[in-house]
Amino acid sequence: VIASSFFQRARNVGLYITCERLREVDTMALLQAALQQGKQCYVPLVEDSQSNMTLLHIDSLADLHPAPPFGILEPTMQHQDGTDRQSGAWWLEPAADAWPGL
């Protein structure tokens with residue numbers, strides 16, 4: 001995937017963060033590659049008990065923190081300086097995304 005022309009052309013990448021307990025495909029190598037290549041990366045934040053999600057921009061893996069109940073890494077709504085994170089309107093430009101199948 002990382003070597004594909006689709007991924008290479010993408011300026012924005014939306015990825016779910018792997019949950020080992022749910023036996024999902026590991027996406028961390030994709031996320032690390034996207035960040036290293038300077039792509040705008042968006043990952044989900046679960047907003048409520050109904051599992052509604054929003055995609056939020058991250059600058060690095062350090063922006064992610066374990067969230068209950070599964071310990072899935074998620075960003076916070078704000079950066080450390082208190083400013084709001086950009087939400088995921090990444091589909092407006094060339095983008096690559098990966099989500100678990102149901």
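This chain uses plain numbering: 1 for the first residue, then up along the sequence.
No more than 12 heavy atoms of other residues, nucleotides or ligands lie within 6.0 Å of CE in M77, so this atom counts as exposed by the packing criterion.
Using a 4.5 Å cut-off on side-chain heavy atoms (C-beta onward), H57 and D59 make contact.
Atom CG of L30 is separated from atom CG of L15 by 5.5 Å, given to the nearest 0.5 angstrom. How far CD1 of I17 is from CG of L64: 5.0 Å, rounded to the nearest 0.5 Å. Put simply, OG1 on T27 and CD on Q32 are 9.5 Å apart, with the number rounded to the nearest 0.5 Å. Taken from SG in C41 to CG in L55, the straight-line distance is 11.5 Å, to the nearest 0.5 Å. To the nearest 0.5 Å, atom CD of residue Q36 and atom CG of residue L31 are 10.0 Å apart.
Under a 3.5 Å cut-off, the side chain of T54 and the backbone N or O of L45 do not form any donor-acceptor pair. At distances below 3.5 Å, not a single donor-acceptor pair connects side-chain atoms of Q40 with backbone N or O atoms of R11. A donor-acceptor pair under 3.5 Å links the side-chain atoms of K39 to the main chain of F7, judged by distance alone. Without hydrogens or angle criteria, R85 side chain to T76 main chain gives a donor-acceptor distance under 3.5 Å.
Side-chain N/O atoms of D84 and Q78 include a donor and acceptor closer than 3.5 Å. No side-chain N or O of E74 forms a donor-acceptor pair with one of H65 less than 3.5 Å apart.
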Test log, rule side chain to side chain contact (heavy atoms under 4.5 Å, CB included), inputs V13 and Q37:
CA-CA 11 Å; V13 176; Q37 293 176 20; over 6 Å; no

